[in-house]
Q: 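My questions all concern the structure below.
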Amino acid sequence: MIELSLVYPYYNNQACLDRQLLRWTGLPQELAQRIEYVLVDDGSPEPAQVPSNCPINLTLVRVKEDIPWNQHGARNLGLKLAEGDWAIASDIDHFFPAEGLIHVLSMAKDP
């Protein structure tokens with residue numbers, strides 16, 4: 001069951017995405033199975049590349065038109081696609097350590 005969706009707009013920064021993928025795939029399995037990642041490529045000239053055998057729950061969508069300063073639109077699209085009970089919208093260069101994610105998942109949440 002997906003409890004938390006982490007939503008990231010992405011624009012033309014494969015090196016940063018590769019660092020995130022290493023972190024995301026390095027989380028403990030019991031934590032990783034409770035989280036989904038929603039990545040919205042916001043019209044990058046070079047589309048985001050994710051290995052086809054990526055072992056995490058990741059949704060990657062691409063906005064084909066490169067609309068200037070559209071990261072908020074990309075974030076909104078990601079939140080619309082998120083399937084978790086709760087979501088956090090962030091930036092591709094922000095990382096949530098396992099301890100922080102465990103804390104968020106254990107918090108009492110007011111629906």
Q: Would you say Glu36's side chain and Thr59's backbone share a donor-acceptor pair under 3.5 angstrom?
A: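 Flag not set: sc Glu36 to bb Thr59 has no pair under 3.5 Å.
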Q: Starting from the C-alpha separation in whole Å, work towards a yes-or-no answer on side chain to side chain contact (heavy atoms under 4.5 Å, CB included) for Trp86 and Val104.
A: CA-CA 10 Å; Trp86 298 92; Val104 167; over 6 Å; no
Q: Looking at every heavy atom in both Gln49 and Pro47, which two are closest together, and how far apart are they?
A: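 Distance-wise, the nearest heavy atoms are NE2-O, 3.3 Å.
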Q: Hey, what do you get for CD (Gln20) to CZ (Phe95), rounding to the nearest 0.5 Å?
A: 6.5 Å
Q: Calculate, to the nearest 0.5 Å, the distance between atoms OH and CG belonging to Tyr10 and Asp41 respectively.
A: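 Taking OH in Tyr10 and CG in Asp41, the distance rounds to 6.0 Å.
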Q: Mind listing the closest non-hydrogen atom pair of Glu30 and Gln33 along with its distance?
A: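 So the minimum-distance heavy-atom pair works out to O-CG, 3.5 Å.
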Q: Could you tell me which non-hydrogen atom of Leu6 sits nearest to which non-hydrogen atom of Leu101, and how far apart they are?
A: CD1-CD2, 4.0 Å
Q: Under 4.0 Å between a Lys/Arg side-chain N and an Asp/Glu carboxylate O for Arg75 and Asp91?
A: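 Salt bridge present between Arg75 and Asp91.
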Q: Are Val7 and Leu60 connected into the same hydrophobic cluster when the rule is that any two of I, L, V, M, F, W, Y join if their side-chain heavy atoms are below 4.5 Å apart?
A: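 Not linked; separate clusters.
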Q: If two hydrophobic side chains count as joined below 4.5 Å and joins carry through other members, does Leu79 share a cluster with Val38?
A: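 Leu79 clusters together with Val38.
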Q: Considering all heavy atoms of both residues, which atom of Leu21 and which atom of Cys54 are nearest to each other, and what is their separation?
A: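 Residues Leu21 and Cys54, closest heavy atoms: CD2-SG, 4.0 Å.
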Q: Would you say His103 has more than 12 foreign heavy atoms packed within less than 6.0 Å of its NE2?
A: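 It does not: His103 NE2 has 12 such atoms or fewer within range.
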Q: Measure from the side-chain N and O atoms of Ser44 to the backbone N and O of Asn12, and report whether any donor-acceptor pair falls under 3.5 Å.
A: yes
Q: Mark yes when over 12 heavy atoms from residues, nucleotides or ligands other than Lys109 sit less than 6.0 Å from its NZ; otherwise mark no.
A: yes
Q: Check the hydrophobic clustering (I, L, V, M, F, W, Y; side-chain heavy atoms under 4.5 Å; chains of links allowed) and say if Ile67 and Tyr8 are grouped together.
A: no
Q: Nearest heavy-atom pair of Ala48 and Leu39: which atoms, and what distance?
A: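 Shortest heavy-atom contact: CB-CD2, 4.5 Å.
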Q: At what distance, to the nearest 0.5 angstrom, does CD of Glu65 lie from CG of Asp42?
A: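 Between Glu65 CD and Asp42 CG, I get 10.0 Å after rounding to 0.5 Å.
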Q: Say whether, by atom type as modelled, one donor and one acceptor occur between the side chain of Arg19 and the main chain of Asp93 under 3.5 angstrom.
A: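 Not at all, since once roles are kept as given, no pair shorter than 3.5 Å links the two residues.
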Q: Membership question, hydrophobic clusters at under 4.5 Å side-chain separation (ILVMFWY): are Tyr37 and Ile92 in the same one?
A: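 Yes; Tyr37 is reachable from Ile92 via cluster members.
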Q: Treat each ILVMFWY residue as a node, draw an edge where side-chain heavy atoms are under 4.5 Å apart, and state whether Leu17 and Tyr11 are in one component.
A: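 Leu17 and Tyr11: separate clusters.
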Q: Kindly compute the distance separating CG (Leu31) from CG (Leu105), expressed to the nearest 0.5 Å.
A: 6.5 Å
Q: Enter the distance from Leu27:CG to Ile102:CD1 here, rounded to the nearest 0.5 Å.
A: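 Spacing of CG (Leu27) from CD1 (Ile102) equals 8.5 Å.
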Q: Does the side chain of Ile88 reach to within under 4.5 Å of the side chain of Phe96, using non-hydrogen atoms?
A: yes
Q: Over all heavy atoms of both residues, which pair between Val40 and Ala74 is shortest? Give the atoms and the distance, please.
A: CG2-O, 3.5 Å
